[in-house]
Asker: 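I have a structure I would like to understand better, so I am pasting it below and will then ask my questions one at a time.
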Number of protein chains: 2
Amino acid sequence: MQKTIIAPVKFTHVQCGDCPIRHRAVCARCDSDELTSLEETKYYRSFEAGQTIVWSGDRMDFVGSVVTGIATLTQTMEDGRRQMVGLLLPSDFVGRPGRETAAYDVVATTDLVMCCFRKKPFEELMVQTPHVGQRLLEMTLDELDAAREWMLLLGRKTAREKIASLIAIIARRDASLKMQKSEGRVVVDLPLTREAMSEYLGLTLETVSRQISALRKDGIIEVEGKRHITIPDFDRLIEEAGDDSDGGFLV
Amino acid sequence: MQKTIIAPVKFTHVQCGDCPIRHRAVCARCDSDELTSLEETKYYRSFEAGQTIVWSGDRMDFVGSVVTGIATLTQTMEDGRRQMVGLLLPSDFVGRPGRETAAYDVVATTDLVMCCFRKKPFEELMVQTPHVGQRLLEMTLDELDAAREWMLLLGRKTAREKIASLIAIIARRDASLKMQKSEGRVVVDLPLTREAMSEYLGLTLETVSRQISALRKDGIIEVEGKRHITIPDFDRLIEEAGDDSDGGFLV
DNA sequence: TGCATGTCTTGATCTGGGTCAAGGCCCGGA
DNA sequence: TCCGGGCCTTGACCCAGATCAAGACATGCA
């Protein structure tokens, strides 16, 4: 079912460049003895689009971070209603130190590579190396802010505003990673199916589709194929998103 | 407008008992030199029900925790739509180290006493004293879990389920603080107006009122006055809340 | 005592988004 | 080349919850 790749040669150059645990939290400031012990437990795992990485309630004995691709955290009610509660892009952290079992389904929505550490050694490292904990605190606070922005979206925005917000969020994160802008026109490839979008936004798949069509008809976005979107005027999209002030620069 | 009380005698016994920063994070494990410097900047502030403590965007040069009463974090859109994004009960932490300005309106929904620290010395303490940061990380992770439970509520639950969930959440937090249960019958005093509930739940005030009436008619809850609620069968309430498995033990 | 204000309830009506259903498009495999 | 299955779009209809409106009840102040 899942291909597990243990630190193959081809990933070597990735280890320092893309792994936030090492790169952001550790490399710069800590002595390397700690790192060596962590390094021993580090491994890479690949998943195919659509694969579930962990089921809610399952034992989860690793933490890690996304290297490439996109993963989601989703909650499910008994009758099958689903709500996405986390969208994980490259460099995002997965897993909660100090927790035995996963609280959410973790799903790869695109092909995905994760950098993982066994939880126990990672927790030991956290105790010994304050910077790791501090960096994790920062990241968690950022996620909390993102969750709160998301709550405003879920609780108070209209379907049209929700769609506009989601496109803006993805465009911004994309841009901050890859600088895809070209003089005002922003180009995004949606990494989510309509269904995943509906789970993000608390809508049905049909409403997502209708609202994307509506934004297209109104010239807010241009759609090529199903996923490729061009935003001719980003400010207009932001207006449609109904965001307050600096709105949604988080996550 | 706001009464500021600086460490009066009558609060002395409170300082160790109720203040989570000192009590939970610091007292037990750290040397007291650090504490002394923090102690100098510690002060108590009281607010009346309805008072806004900080406006979103305002400079906020303190962090703190709720000693008694209830505060909320709320986001507002330009057209006035409001969504609560944080509900702060006694012992909850307020403020984000490393941030200059408040990201949300902080409002006292009941009379409130907060224990505050100037932000700068607190941040210095965090660098020097890892346990404070570790404790804060734990608390932030708990808040993130709560936010995600809240997102499921906002995105996927019906009005009736939302009301039942909110009553259950408050009852559980009350119970964990004060053990109010008496053989199956649980008694809660809602600390929120109907309007605050509507802001929590992403509903209108009228829908909140109607659904409370509906739950009363169906015998799920008994209502005395406007705020005093008795839950004859807690499990039935949980069923109405539609919670998955252990549902909502978080927060 | 009477009035104003804040909080809550209830009724009547409207509507945004859900539900159900049909069909289009594209890709991969027989 | 055709077929089957994802994925997406669009239409028709419906309903949960929003909106608009009236009034109940309690408290505090003149």
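Lettering follows sequence order; numbering is per chain, from 1.
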Asker: Rounded to whole angstrom units, what separation is found between the CZ atom of B/Arg160 and the P atom of D/dC15?
Answerer: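 About 18 Å, once rounded to whole Å.
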Asker: Would you kindly give the CD-to-P distance between B/Glu195 and C/dG6, to the nearest whole Å?
Answerer: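 So the CD-P distance, B/Glu195 to C/dG6, works out to 12 Å.
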Asker: Check every strand shown and say whether A/Ile212 touches a base, only sugar-phosphate, or nothing at a heavy-atom separation below 4.0 Å.
Answerer: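 Nothing, no nucleic acid heavy atom in range.
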Asker: Could you state the NE2-P distance from B/His228 to D/dA26, rounded to the nearest angstrom?
Answerer: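 One finds 17 Å between P of D/dA26 and NE2 of B/His228, rounded.
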Asker: Among C/dG17, D/dA18, D/dT10, which nucleotide has an atom closest to any side-chain atom of A/Leu203?
Answerer: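 So the nucleotide nearest the side chain must be C/dG17.
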Asker: Would you kindly check whether a donor in the side chain of B/Arg210 faces an acceptor in the base of D/dT19, or vice versa, at under 3.5 angstrom?
Answerer: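 Under the 3.5 Å cut-off, the side chain and the base do form a donor-acceptor pair.
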Asker: Is A/Gly50 touching bases, backbone alone, or none of the nucleic acid, heavy atoms closer than 4.0 Å?
Answerer: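 Counting heavy atoms under 4.0 Å across all strands, no contact is made by A/Gly50.
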Asker: Can you find a pair of side-chain heavy atoms, one from A/Arg185 and one from A/Phe234, that are under 4.5 Å apart?
Answerer: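 Answer no - side chains too far apart.
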Asker: Quick check on C/dT9: is either OP1 or OP2 less than 4.0 Å from any side-chain nitrogen or oxygen of B/Ser213?
Answerer: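 So the side-chain polar atoms of B/Ser213 never come under 4.0 Å of the phosphate oxygens OP1 or OP2 of C/dT9.
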Asker: Starting at atom CZ of A/Arg194, determine the distance to atom C1' of C/dC25, rounded to an integer number of angstrom.
Answerer: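 That distance rounds to 13 Å.
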Asker: Nearest whole Å is fine: how far is D/dG17 P from B/Leu205 CG?
Answerer: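 Distance, rounded to whole Å: 16 Å.
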Asker: Determine the sole option in B/Arg81, B/Arg82, B/Gln83 for which the side chain to side chain donor-acceptor pair (under 3.5 Å) test with B/Thr76 is passed.
Answerer: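 Result for side chain to side chain donor-acceptor pair (under 3.5 Å) with B/Thr76: B/Arg82.
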Asker: If you take atom types as modelled and just measure distance, does the side chain of B/Glu206 reach the base of D/dC20 with a donor-acceptor pair under 3.5 Å?
Answerer: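 Yes, the side chain and the base share a sub-3.5 Å donor-acceptor pair.
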Asker: What's the CG-P distance between A/Leu201 and C/dG18, to the nearest Å?
Answerer: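 Taking CG of A/Leu201 and P of C/dG18, I get 10 Å after rounding.
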Asker: Do A/Ile212 and A/Val223 come close enough that some side-chain heavy atom pair is under 4.5 Å?
Answerer: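 A side-chain contact under 4.5 Å exists here.
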Asker: Given D/dC8, is OP1 or OP2 found less than 4.0 Å from the side-chain N or O atoms of A/Ser209?
Answerer: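 Checking D/dC8 against A/Ser209, no side-chain N or O comes under 4.0 Å of OP1 or OP2.
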Asker: Between D/dG17 and B/Thr204, is there an OP1 or OP2 to side-chain N/O distance shorter than 4.0 Å?
Answerer: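 False: B/Thr204 side-chain N/O out of range (4.0 Å or more) of D/dG17 OP1/OP2.
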Asker: Does B/Lys157 use its side chain to pair, donor to acceptor, with the backbone of B/Leu152 at less than 3.5 Å?
Answerer: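 No; judged by distance alone, with no hydrogens or angles, the pair does not exist.
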Asker: Taking OP1 and OP2 of D/dC8, is either one under 4.0 Å from a side-chain nitrogen or oxygen of A/Arg227?
Answerer: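 Yes.
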Asker: Report which part of the nucleic acid B/Gly225 touches: base, sugar-phosphate, or nothing (heavy-atom distance under 4.0 Å, all strands).
Answerer: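 Result for B/Gly225 = nothing.
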Asker: Round to a whole Å and report the spacing from CE of B/Met197 to P of C/dT9.
Answerer: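 To the nearest whole Å, that distance equals 8 Å.
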Asker: Between D/dG17, D/dT10, C/dG17, which nucleotide gets closest to the side-chain atoms of A/Gln211?
Answerer: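 Side chain of A/Gln211 sits closest to C/dG17.
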Asker: Any heavy-atom pair between the side chains of A/Asp142 and B/Arg96 that's under 4.5 Å?
Answerer: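 Yes. Closest side-chain heavy atoms under 4.5 Å.
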Asker: Starting from P on D/dT9, measure out to NZ on A/Lys217 and report it in whole angstrom.
Answerer: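 Whole-Å distance recorded here is 11 Å.
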